Amino acid sequence: MKAQPTASHFIDGEFVEDVAGRAIDSVYPATGAIVARLHAATPQIIESAIASAEAGQKVWAAMTGAERGRILRRAADIIRARNRELSELETLDTGKPLQETLVADASSGADALEFFGAQATAINGEYIDLGGDFVYTRREPLGVCVGIGAWNYPTQIACWKAAPALACGNAMIFKPSEVTPLCALQVASILHEAGLPKGVFNVVQGYGDVGAALATHAMVDKVSLTGSVPTGRKVMATAAADIRHVTMELGGKSPLIVFDDASIEDAVGGAMLGNFYSSGQVCSNGTRVFVQKPLLDRFLERLAERTRAIRIGDPMDELVQMGPLVSKTQLEKVAGYVEIGKAEGARLVTGGDTLSLQGMEGGYFIEPTVFADVTDDMRIAREEIFGPVMSVLSFDDEEEAIARANNTEFGLSAGVFTRDLPRAHRVIAQLQAGSCWINTYNLAPVEAPFGGVKRSGVGRENSRAAIEHYTQIKSVYVATGPVDSPY
Ligand code: NDP
């Protein structure tokens, strides 16, 4: 299988190559085969992306919201029409099964372009009456924004960042993770096919140093990062030097609390969705599953049965439910955490082994894994694993569950399963997390704000809230009478 793009970068409305940049090999995680070779951006490529974005942004911001919105919505239509092809590319890039990518990636990107395409017509200031004099505000774009993506959702992350940035009249330079360089190039090409002026959405490839060069560039007004807490800390520190805007979508170790009155099938299904979807490589996953003691044995029994039935295999087979991890590095990290869990005394309920599948011996497969008897101090309960490893913990009462759920540096997500709705709302209100669910898990429609508290992040993606993070307010006082000056 090959997925060689026309060139490594997309700048000023066209594919651009510079083979002087360090090689980036795109590896298909199911086989370990190299499917494309790209090159990291050289300083010249970075400068041309910045210059093009600066020029493009001026043209773009001068257009009406309706014109901008029409282009974004047209791009959404093209993405939907090409869903299968884009989903196959997403599967090649990430190893996620086609069963998922057909419904969760390009389509989520199209949702974002549609939603923010519609918002583009309604990004307005306000009129403030001062009884004669008045103030009006303008909601203006920030300018040139940099988007830096993680590797788990390359199409979705590119669209979730581009759609609100562009709707507000900004330009964006997007750097995908070098692990998944392919999908964002398609997003750029489609946006231009839809009529986007050149320079408004540029893609440059590279490792962390390219991300850092973009994030610290004097002409950049905002950085939106999806990545780990350590990278977030670095990017935010450099942004502080120049008082630059940031949105940080970082990691998590989110709690999912299952009370003993919950529907057991729903709770097990939610816990599986929140741990095994995308082979567990989802930032908002509910990886600490707190189960109230009277339900624990039945919960673990059904969880083990249903987990063992997950179909692992060739991600291009639409019947397959779980593919490999994204890379050898990630496989080693996750397998390492399984060993840590065993050594810490957690009870392995199911899974835990890496797999060598026939015909895909070079793939990065690992079984979905459930640990029980996990305690709060274990590393598997404290550190983000980013793989299909669920920790089940038990609790006695509500107060205890809330305190233990909040006992983490992270605060991205949280979930509660219970039939007692007053309790569900009471508990959710006390959980320190930005994106929460009651009686479901991990649904992230574009209409709802998404993002974390504590070390999981700053700012929000999606929803009207994202508009706040890609605009700045200018306030204009208008006098209607003579100037009342004491001098
Ligand atoms: P990383 O933090 O390693 O990398 C994220 C991106 O930042 C990559 O493109 C990376 O490039 C780039 N980068 C690395 N160093 C720098 C730097 N100094 N300056 C600027 N950019 C830099 O994360 P992963 O790619 O490993 O993704 C996994 C992490 O992402 C997890 O912690 C996960 O929780 C989080 N995540 C958060 C989400 C959210 O919405 N909250 C959603 C998805 C993932 P390179 O890859 O070349 O190093």
Side-chain angles (χ1 to χ4, degrees), residues 21-27 38-41 46 93-94 96 104-105 108 112 146-161 173-181 183-184 203-217 220 223-239 241 244 246-254 277-287 325-327 329-330 333-334 383-387 408-413 433-435 442 444 448-462 466:
R22 189 176 150 196
I24 296 175
D25 284 335
S26 168
V27 173
L38 295 88
H39 295 272
I46 292 173
D93 227 2
T94 62
K96 292 185 292 180
D105 292 278
S108 158
V146 163
I148 301 176
W151 40 255
N152 56 345
Y153 281 82
T155 306
Q156 185 191 78
I157 293 173
C159 291
W160 279 21
K161 294 192 188 306
I173 303 171
F174 186 79
K175 189 203 84 68
S177 164
E178 94 281 354
V179 178
T180 53
C183 298
V203 174
V204 301
Q205 307 290 345
Y207 297 84
D209 59 327
V210 170
L214 287 168
T216 53
H217 198 287
V220 167
V223 185
S224 173
L225 170 79
T226 297
S228 61
V229 173
T231 306
R233 198 175 277 126
K234 280 190 229 164
V235 172
M236 217 167 149
T238 56
R244 195 169 280 137
V246 291
T247 294
M248 293 282 146
E249 293 291 350
L250 308 176
K253 190 75 195 177
S254 300
Y277 206 70
S278 302
S279 297
Q281 303 164 120
V282 181
C283 51
S284 49
N285 271 356
T287 44
L325 295 177
V326 78
S327 65
T329 310
Q330 195 62 17
K333 180 182 165 194
V334 174
E383 298 172 17
E384 187 181 43
I385 300 174
F386 227 56
T408 167
E409 61 176 353
F410 298 110
L412 186 52
S413 302
S435 302
N442 257 356
F450 185 84
V453 302
K454 292 158 81 178
R455 298 218 176 125
S456 290
V458 171
R460 290 293 176 268
E461 295 198 301
N462 289 344

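Order of listing sets the numbers, starting from 1, for every ligand and every atom in it. Model, not experiment: these values are computed from the prediction. Numbering starts at 1 and runs along the sequence shown.
- Counting protein heavy atoms only, atom 44 (C) of ligand 1 is closest to Asn152 ND2, 3.5 Å.
- Lys161 and Ser224 are linked by a side-chain donor-acceptor pair at a separation below 3.5 angstrom, with hydrogens and angles left out of the test.
- Of all the heavy atoms in Arg244 and Thr216, the pair that sits closest is NH1-CA, 3.5 Å.
- Trp151 pairs in a side-chain contact (heavy atoms from CB on, under 4.5 Å) with only one of the listed residues (Thr180, Thr226, Asp93), which is Thr180.
- Considering only non-hydrogen protein atoms, atom 10 (C) of ligand 1 sits nearest to Lys175 NZ, 4.0 Å.
- Interface of Gly211 with ligand 1, defined as ligand atoms under 4.0 Å from a residue heavy atom, comprises 19 (N), 20 (C), 21 (N).
- Ring centroids of Tyr153 and Trp160 are separated by 6.0 Å or more, keeping the two rings apart.
- In this structure, the side chains of Leu225 and Val246 stay at 4.5 Å or more apart for every pair of heavy atoms.
- Any N or O atom pair closer than 3.5 Å counts here, and Trp151 shares at least one such pair with ligand 1.
- Residue, atom and distance of the protein heavy atom nearest to atom 36 (N) of ligand 1 are Cys283 CB, 3.5 Å.
- Against a heavy-atom cut-off of under 4.0 Å, Val235 is close to the following atoms of ligand 1: 19 (N), 20 (C).
- Every atom of ligand 1 with a heavy atom of Gly206 under 4.0 Å away is listed here by number and element: 47 (O).
- Between Phe386 and ligand 1, a contact under 3.5 Å exists for no N or O pair.
- For atom 12 (C) of ligand 1, the nearest non-hydrogen atom of the protein is Ile148 CG2, 3.6 Å.
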**Q.** Test log, rule side-chain contact (heavy atoms from CB on, under 4.5 Å), inputs Lys96 and Asp105
**A.** CA-CA 10 Å; Lys96 292 185 292 180; Asp105 292 278; 2.8 Å; yes
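- Rounding to the nearest 0.5 Å places CZ of Arg233 at 5.5 Å from CZ of Arg455.
- For Ser456, no nitrogen or oxygen atom sits less than 3.5 Å from a nitrogen or oxygen atom of ligand 1, counting backbone and side chain alike.
- Annotation: Lys234 places no N or O atom under 3.5 Å from an N or O atom of ligand 1; distance criterion only.
- Contacts of Ser228 with ligand 1, taken as heavy-atom pairs under 4.0 Å, involve both backbone and side chain.
- Ligand 1 has no nitrogen or oxygen under 3.5 angstrom from a nitrogen or oxygen of Val229.
- Of the candidates Ala150, Gly147, Gly149, it is Gly149 that places a heavy atom closest to atom 8 (C) of ligand 1.
- Remark: ligand 1 and Phe450 share no N or O pair separated by less than 3.5 Å (distance only, no angle test).
- With hydrogens left out, the protein atom closest to atom 4 (O) of ligand 1 is Thr231 OG1, 4.2 Å, a heavy atom.
- Contacts between Glu384 and ligand 1 below 4.0 angstrom, taking non-hydrogen atoms only, involve the side chain exclusively.
- Note that CD of Glu249 is 9.0 Å distant from CD1 of Ile157, once rounded to the nearest 0.5 Å.
- Residue Gly452 places no heavy atom under 4.0 Å from ligand 1.
- Near Leu412, meaning under 4.0 Å from one of its heavy atoms, ligand 1 places the atoms 41 (N).
- Looking only at protein heavy atoms, the nearest one to atom 40 (O) of ligand 1 is Glu249 CB, 3.2 Å.
- Contacts with ligand 1 closer than 4.0 Å are made by no heavy atom of Val282, backbone or side chain.
- The nearest non-hydrogen atom to atom 30 (O) of ligand 1, considering only Gly227, Gly451, Pro230, comes from Gly227.
- For the pair Gln205 (side chain) and Ile24 (backbone), a donor-acceptor distance under 3.5 Å is absent.
- In terms of protein heavy-atom proximity, atom 17 (C) of ligand 1 is closest to Gly208 O, 3.7 Å.
- Residue Leu250 places a heavy atom under 4.0 Å from ligand 1.
- The single protein non-hydrogen atom nearest to atom 45 (P) of ligand 1 is Glu178 OE1, 2.7 Å, given as residue, atom name and distance.
- Taken to the nearest 0.5 Å, the OH atom of Tyr277 stands 12.5 Å off from the CG atom of Asn152.
- Under a 4.0 Å criterion applied to the non-hydrogen atoms of Gly251, ligand 1 contributes the atoms 32 (O), 34 (O).
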